[in-house]
There are 2 protein chains.
Amino acid sequence: MSTNDIDRLIQLLAKLPGLGPRSARRASLHLIKRRDSLMTPLARALEAAAESIVPCGICGNLDTTDPCAVCADPRRDNSVICVVEEVADLWALERTASFKGRYHVLGGVLSPLDGVGPEDLNIDRLVGRAGSEEVKEIILATGATVDGQTTAHYVTDRLADCGVSISALAHGIPVGGELDYLDDGTLSAALKARRQV
Amino acid sequence: MSTNDIDRLIQLLAKLPGLGPRSARRASLHLIKRRDSLMTPLARALEAAAESIVPCGICGNLDTTDPCAVCADPRRDNSVICVVEEVADLWALERTASFKGRYHVLGGVLSPLDGVGPEDLNIDRLVGRAGSEEVKEIILATGATVDGQTTAHYVTDRLADCGVSISALAHGIPVGGELDYLDDGTLSAALKARRQV
C-alpha cells in the first residue's frame, strides 16, 4: 500500500485547514497524477514563499518586502489606520478596494481563556503609530465576536490619550442577506443603526 | 497586499481538490505562520514524493518501488485479483485490511462521453494476468455508478475466455445506514440480495 513518502505527504496535507485525512489522500493522488503541472510547482512555490515572506515591521502584514507593499505605497492615505485582527482580514479589506489608508495587524484577539493578553498582540506599536502627527483616524475592524469586541474596547482605551478620532465598522444586514435568515443580534443592531432615506 | 510569491502559492493550492480560492488563502496563511513545522516539510515531502513515486508495472498502484509493496509481498494470495478503478479505491480496500489478494488498477472507467475507451484503460494487462495459471478468481470492485458497472461488464466479457471465476462486490445497505435515508435503488438491491439468517 502507500509507503513512507506518500504517507508523509498525506499527513502534512491533512494539517492544512479545510483538509482532513480523507481529502488529504485525495489531494495527494491528485498531485501525484499532475507531477509536472502541479506537484513540483507547488513544492517550489512553498519553498520560495517560505524564504521570501516576512512580516512587515510597520503594520504586521505578510509580504515579500519589509515594509510591505501597502506601507510602502506613497499614494495611500497616511491619516487613517485600519486595525484588523489577522493578515487574512487585511487581505479581505484590500479585495474590496474600498479602503485607501494604512493598516495595522494585531495578530489575534485578547482571549484570557486562551492566555492571550495585551502583551501578545501588536498593540504597543499601534499606540506609537497613532501618536504620530499625521494620523487623524483609527478604524477598528476587529470581528463582531465577543473577543473581537473586547479587543476593540481595550484598543480604544489605550488610544484615549492619542487625540485621534476612533471609529468602528458598522453593524447591520449583510448585503444580499434576507431578514428571515438573520440572527436577532444582527437584526436589532440594524434596527438601532437605521438611517434616514 | 499579497504579492507574487503568495499569490502563486494560493493559486496552486486552490487547484487541490477540496480547496477553493478562499480556503487556499486560509491554507497559505496557515502555512506561512508554521514555516518551519509545516511549510518547509511540506515542500520537501512534495519534492521527495514527486521524485520517488512510480506506478507499479504489474498492477498500476502508486508506490516508491516498482513492483509496489502489494505486488512484492510474498504473503499475499496470488489466486485472487481485485480490479479497481483508481489507486484511491485500492487504498480504501487496503485500509479495511480484509483483502489479502492482489490488485489491478484500471486507471479509470469506460466513458464514451468523455472519450475514454477500452484502450485508455489498463485492461489488456489484466487479461494477461488473468490468463496465468495461478489466478482463480477476479473480483470486480468498480464503483456502483453507470460507468463503473459498464466497465465491469466490459471487463467480464474480455475475461470470458480466461477460465477464471469472476465475482463482484455485493450491493446492499451500507453498515450503519438507516433505511429511511437510503435511495430506492440500494433498497431494492438489498431486498433482492437478502440472505437467510
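Naming convention: chains lettered A, B, ... in sequence-line order (proteins, then strands); numbering from 1 in each chain. In this text the structure is predicted, and so the values were computed from the model without any measurement.
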Reported CG-to-CD1 distance for the pair N61(A) and I6(B), which is rounded to 0.5 angstrom: 7.0 Å
For E133(B), is the CD atom crowded, meaning more than 12 foreign heavy atoms sit under 6.0 Å from it? no
Max heavy-atom pairs within cutoff under 4.5 Å with chain B, candidates I53(A), L9(A), V87(A), L12(A), goes to I53(A)
How close do A50(B) and T40(A) get, counting heavy atoms only, and between which atoms? CB-OG1, 4.2 Å
Taking heavy atoms only and a threshold strictly under 4.5 Å, list by residue number the residues of residues 27-35 of chain B that touch chain A; give 'none' if the list is empty. A27(B), S28(B), L29(B), H30(B), L31(B), I32(B), K33(B), R35(B)
To the nearest 0.5 Å, atom CG of L16(A) lies from atom OG of S23(B) at 10.0 Å
Looking at A45(A), A43(A), P41(A), which makes the most heavy-atom pairs under 4.5 Å with chain B? A43(A)
For D157(A), is the CG atom crowded, meaning more than 12 foreign heavy atoms sit under 6.0 Å from it? yes
Give the intermediate values and the outcome of side-chain contact (heavy atoms from CB on, under 4.5 Å) for residues R95(B) and R25(A). CA-CA 12 Å; R95(B) 282 198 299 280; R25(A) 270 197 301 271; 2.9 Å; yes
Tell me, side chain or backbone of Q11(A) under 4.5 Å from chain B's heavy atoms, or both, or neither? neither
Quick one: closest heavy-atom pair of A48(B) and D5(A), and the distance? O-OD2, 3.8 Å
What is the distance from atom CD of E47(A) to atom CD of E47(B), rounded to the nearest 0.5 Å? 5.5 Å
